[in-house]
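Remarks on the structure that follows.
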Amino acid sequence: MKTIVEAKQIKKVYGAKGNVFSALEDIDLTVMEGEFVGIMGPSGAGKSTLLNILATIDEPTAGDIVVDGINLTKMNEEQLSAFRRDKLGFLFQDYNLLDTLTVKENIILPLALAKLNVEELERRADEVADKFGIRDILNKYPYQISGGQKQRTAASRAIISKPNLILADEPTGALDSKSATDLLESLKDLNEQDKATILMVTHDAYAASYCNRVLFIKDGKIFTELVKGKRSRKEFFNKVLDVLSALGGGANDVI
Amino acid sequence: MTLFSLARKNIKGNFNNYFVYFVTLVFSMVIYYTFTTLQYSEKIQESIELSDTMSFMFGVSSIILILFVAIFILYSNSFFTRKRKKEVGLYAILGLRKKTIAKMLFYENLIMGIIAIVIGIILGTLLSKLFAMILIKLMGSIAEVDFGISILAITQTVIVFMVIILFTSVQGYRLIYRFTLIELFYDEKKGEQIPKVSLITAVIGVIFLVVSYWLILKPFPDEFTTEYLIKNYGIAFVALVIGTHLFFRSVTVYLLRLSQKNKSRYYRGTRIIETSRLLFRIRGNARTFTVIALLSAATICFLGATYSGYYSNEKRAKEVVPFSYSHLSKGPEFDSQVESIIKADHRHPIKAQLDIPVIQVKGILSFQLDYDINPVKLISESTFNKVANALNKDETVSLSGNQAAVIQPRFTEYTKSVFKGENITIQLPQGSSELPFVHMVESNVLPFDYPDFFLVVSNEMFAEIAKKEAPLTYKVYEVENEVTAQATSKKVNKLVGNDFQVSSSFYTEYKQGKEGNAITLFIFGFLGLVFLAATGSIIYFKQLTEANEAKGHYEILRKIGVNKKDIRKSIKRQSLFVFGLPLTIGILHSCVALYFTSNFISNLIGINLIFPILMAIVFFVIIYAVYYVLTVNTYNRIVNK
Ligand SMILES: Nc1ncnc2c1ncn2[C@@H]1O[C@H](COP(=O)(O)OP(=O)(O)O)[C@@H](O)[C@H]1O
Ligand SMILES: [Mg+2]
């Protein structure tokens with residue numbers, strides 16, 4: 001099986017001399033193709049920082065990252081942008097939809113930017129819209145739809161360019177439980193049927209239970225790792241809760 | 001922390017945002033100060049021919065300026081205050097009383113205003129001297145610019161701007177009271193919805209524009225009355241204003257929507273982002289765009305027209321006063337006195353010296369002409385040809401019998417065809433005689449004096465009439481380099497008195513025209529600059545506000561994988577639209593209006609006005625381009641770090 005993410009010794013330090021703060025310390029991370037990996041940890045543990053670094057939105061202070069065989073640290077801004085556009089898909093807690101575009105325009109944006117031809121673009125838009133059940137709202141604007149619909153729109157946008165890696169930062173954070181479950185089910189389908197590789201940050205044990213494997217981070221370091229294996233989702237959920245309580249206060253108060 | 005120091009801190013923090021507004025404010029103060037200084041400057045006025053006109057014109061234009069600047073300041077301030085609602089809301093949450101916040105805003109505005117005034121006065125004192133030099137140069141004078149500090153101008157500037165600033169400060173103070181806390185927190189977002197396309201209003205907008213253009217470009221009627229002027233151009237103006245507003249409100253929306261229909265273009269690259277952003281913002285900008293387009297149109301138009309006047313002054317003067325000096329002969333003693341003055345001026349040697357006999361008679365035209373022709377002035381064919389020769393003109397006439405050629409009356413537009421086949425009956429002591437018109441010529445002979453109806457008749461005819469009706473003799477001189485003959489012209493003018501409605505020496509007419517045109521050009525130039533600066537600053541500020549709101553928008557784009565270069569390009573395209581659209585419409589309007597005025601002007605003086613008008617437009621485009629670059633850079637810095 002192919003390695004999609006290979007991160008070694010990632011460090012991230014904020015601030016200038018005298019007043020430095022280390023957000024990530026020597027993080028190693030490997031994600032194989034087709035994995036659905038969760039990242040958990042208390043608030044301020046460095047989860048978003050890690051995800052942003054993998055997403056090439058942020059730069060590590062030190063360390064090497066290889067995604068799909070490409071070394072990120074060696075690329076310039078323009079190459080990184082193209083890389084993000086072609087290889088990565090994003091999902092954020094606050095959806096990050098453009099409020100001046102319709103749902104459909106939001107979804108096809110990555111393809112429009114890649115200058116794909118219109119027929120192909122329309123075809124793929126229909127395909128993902130069906131997958132996430134948002135065909136009826138394609139011509140609406142983000143301010144006219146619900147949070148769950150927004151997140152499904154964002155998810156459609158994330159996968160439309162058939163990315164090698166989908167990165168999600170607390171995608172269910174702002175959703176009610178029904179919408180959250182819908183989205184997680186969709187992500188699971190995507191992972192199982194389309195063999196999509198997903199890396200999802202969450203502090204919600206329920207969301208994490210959908211993953212194959214969960215990494216726990218505390219104070220910028222990997223604390224432990226939990227693999228689902230043959231367990232049922234319910235059992236895995238309980239395991240996750242166990243680790244969280246071992247991880248200490250920080251994790252629970254944000255749930 | 002005292003309120004005062006909090007206010008000071010706020011200004012510092014917001015300085016980047018206010019910078020362009022501040023510079024514009026200072027700039028308008030400098031111009032106002034310059035205008036008032038010139039209004040009161042006796043030194044300059046002593047040295048020019050048009051002194052009382054100058055004082056009056058600067059007085060009037062400083063009033064126009066201040067009205068405009070007041071509106072600009074008020075508008076900007078209400079804009080700032082609205083933008084800062086959130087900040088104010090935060091203070092309120094933190095427990096500051098409304099009264100305290102209002103006071104703080106009041107101080108803020110006041111401090112900034114006072115700083116602007118101080119800088120404005122200092123720069124004004126320095127720059128007004130430079131500007132006055134520009135004016136003097138334009139007027140072609142050689143006066144020393146030596147007005148030091150004008151206490152009167154300083155006092156007036158300070159008082160006028162203090163009043164405006166106090167007024168806006170109070171306005172800001174009151175604004176806070178009008179909002180409830182909840183309003184302070186939740187604003188901004190709500191208004192932004194995708195505008196609906198209304199084909200009807202778009203069509204109505206286009207119709208209004210077409211009608212107004214048509215009314216403006218319509219050829220002049222035969223009879224040009226005030227009533228027609230008001231009716232025709234009044235309607236045209238109203239239609240233009242409404243049409244322009246509807247254009248920005250609906251037509252652009254319609255066009256943008258239309259451009260979205262072409263999917264293979266719209267769904268390609270960043271166009272999808274720009275188009276949709278513009279579409280969302282257009283309603284909020286429509287009014288500003290309208291004001292800017294109309295203001296630009298008016299300024300370009302006035303500037304173009306005045307520059308044309310300035311540009312064509314020499315030609316006009318030469319037409320009004322054809323010879324360097326002209327006077328009515330009043331006996332040999334008087335005539336030689338004049339001649340000796342002119343001859344004494346060795347720097348301006350005489351090129352030609354002529355006697356022009358003119359017979360004044362009563363005449364009746366064979367057709368209706370709305371020009372009072374009596375007394376008709378007759379000159380002989382040979383006189384006319386000598387004049388043409390002396391003035392280096394190719395026009396000659398040759399007449400026989402009782403044929404006559406009319407010289408086109410100045411400031412009229414009669415063409416050859418008006419006189420063709422017609423005749424004039426002149427009454428002479430020995431009975432009347434009928435003279436058929438065979439020509440119309442355009443070379444003038446004597447300085448303008450109403451009614452300006454000259455007839456050229458054959459030499460024999462002239463001699464015949466002269467036997468009964470003694471001609472008046474005019475003496476005319478053409479000298480080298482007449483445009484500098486200041487001293488001699490003064491002396492001649494004084495001696496000769498008022499033989500004509502205009503000056504008897506070319507120099508005076510030329511110089512007065514030049515000065516008058518220079519003053520208007522100077523005024524319109526600087527008023528135009530202030531208009532431009534103010535409107536540019538408003539667009540700049542609006543764009544800046546938009547940039548701050550759009551930060552998240554661009555962050556998303558970066559995450560999706562648009563690189564910095566493309567974002568910058570996208571910002572450029574958007575800003576180009578925002579600056580370019582009102583400017584293009586403004587230029588279009590002004591071209592139409594100028595077509596009308598230049599038709600009017602060039603018919604009168606017969607010269608090509610393309611160059612001066614083009615200059616005015618280029619001047620406008622350059623200034624806007626500066627604001628455009630400034631906007632793109634700041635916008636880029638805000639959203640694309
Ligand atoms: N731009 C920044 N400057 C300084 N510190 C930052 C910055 N971004 C994040 N941090 C700090 O790094 C730590 C990790 O943040 P983050 O990755 O957002 O945590 P989380 O696990 O909650 O997503 C936090 O303590 C945060 O305060
Ligand atoms: Mg986070």
Side-chain angles (χ1 to χ4, degrees), chain A residues 51-52 54-58 75-92 94-102 104-122 124-125 139-144 154 157-158 160-161 163 167-169, chain B residues 186 188-197 253 256-257 259-285 546-547 549-570 574 636 639-641:
Chain A
L51 198 82
N52 288 342
L54 294 175
T56 74
I57 295 168
D58 206 350
M75 289 202 278
N76 64 23
E77 196 266 338
E78 209 161 317
Q79 290 168 321
L80 283 176
S81 295
F83 173 81
R84 277 202 293 280
R85 198 184 60 212
D86 301 334
K87 307 251 169 185
L88 303 180
F90 294 95
L91 221 47
F92 299 91
D94 46 4
Y95 324 120
N96 278 345
L97 297 177
L98 295 180
D99 46 14
T100 57
L101 299 182
T102 61
K104 179 176 174 185
E105 288 165 352
N106 262 295
I107 294 175
I108 57 141
L109 193 55
L111 300 185
L113 292 172
K115 301 191 175 157
L116 216 70
N117 71 55
V118 187
E119 293 76 37
E120 173 70 5
L121 191 145
E122 300 266 7
R124 284 222 229 156
N139 287 321
K140 294 206 160 141
Y141 283 90
Y143 61 83
Q144 298 167 319
R157 183 183 63 193
I160 196 165
S161 57
L167 298 165
D169 193 352
Chain B
Y186 301 98
E188 325 274 323
K189 286 277 179 270
K190 61 189 171 198
E192 292 220 311
Q193 290 201 352
I194 193 85
K196 291 210 171 57
V197 237
V253 173
L256 284 172
R257 283 297 228 180
S259 81
Q260 286 183 322
K261 291 258 158 62
N262 183 353
K263 296 282 189 250
S264 54
R265 241 177 80 82
Y266 179 55
Y267 288 163
R268 202 166 178 82
T270 53
R271 189 166 284 115
I272 180 170
I273 301 160
E274 291 132 30
T275 312
S276 66
R277 272 206 76 74
L278 288 171
L279 206 48
F280 261 74
R281 303 285 316 143
I282 204 104
R283 280 279 153 93
N285 284 330
E546 201 194 306
E549 283 164 10
K551 254 189 204 161
H553 188 106
Y554 287 97
E555 210 178 296
I556 298 170
L557 290 178
R558 302 262 308 117
K559 284 178 184 168
I560 293 178
V562 187
N563 62 46
K564 287 188 176 176
K565 227 169 70 195
D566 284 344
I567 289 189
R568 197 185 157 84
K569 246 195 259 163
S570 163
Q574 245 185 91
N636 196 54
V639 303
N640 199 18
K641 268 195 293 252

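The structure presented is a predicted model; accordingly, all values stated were derived computationally and were not measured. Letters A, B, ... are given to chains in the order of the sequence lines, protein chains preceding strands, and every chain is numbered from 1.
- Distance check, rounded to the nearest 0.5 Å: OG1 of Thr100(A) to CD1 of Ile273(B) gives 8.0 Å.
- Using a 4.5 Å cut-off between heavy atoms, Leu97(A) contacts chain B through its backbone alone, with no side-chain atom that close.
- Side-chain contact annotation: Glu122(A) with Tyr267(B), donor-acceptor N/O pair under 3.5 Å absent.
- The one candidate from Arg84(A), Glu78(A), Gln79(A) that meets the side chain to side chain contact (heavy atoms under 4.5 Å, CB included) condition with Asn563(B) is Glu78(A).
- Comparing Arg157(A), Arg85(A), Glu77(A) by heavy-atom pairs within less than 4.5 Å of chain B, the highest count is held by Glu77(A).
- Proximity to chain B is absent for every atom of Lys87(A), based on heavy atoms less than 4.5 angstrom apart.
- For Leu88(A), no part sits under 4.5 Å from any heavy atom of chain B, backbone or side chain.
- Note that the CD1 atom of Ile556(B) and the CZ atom of Phe90(A) stand 12.0 Å from one another [nearest 0.5 Å].
- Contact count against chain A (heavy-atom pairs under 4.5 Å) is highest for Ile560(B) among Ile560(B), Val562(B), Thr270(B).
- Between Ala112(A) and Ile272(B), the shortest heavy-atom contact is CB-CG2, 4.5 Å.
- At a 4.5 Å heavy-atom cutoff, Phe83(A) makes no contact with chain B through either its backbone or its side chain.
- Among Lys564(B), Glu555(B), Arg271(B), the residue with the largest count of heavy-atom pairs under 4.5 Å with chain A is Lys564(B).
- For a residue to count as touching a neighbouring chain, one of its non-hydrogen atoms must lie under 4.5 Å from one of that chain's; by this rule Ile108(A) touches chain B with the side chain only.
- Note: Leu557(B) CG to Leu98(A) CG = 5.0 Å, rounded to the nearest 0.5 Å.
- No donor-acceptor pair under 3.5 Å is formed between the side chain of Arg558(B) and the backbone N or O of Ile57(A).
- Of the residues considered (His553(B), Arg268(B), Lys559(B), Lys263(B)), Lys559(B) shows the highest number of contacts with chain A, using heavy-atom pairs under 4.5 Å.
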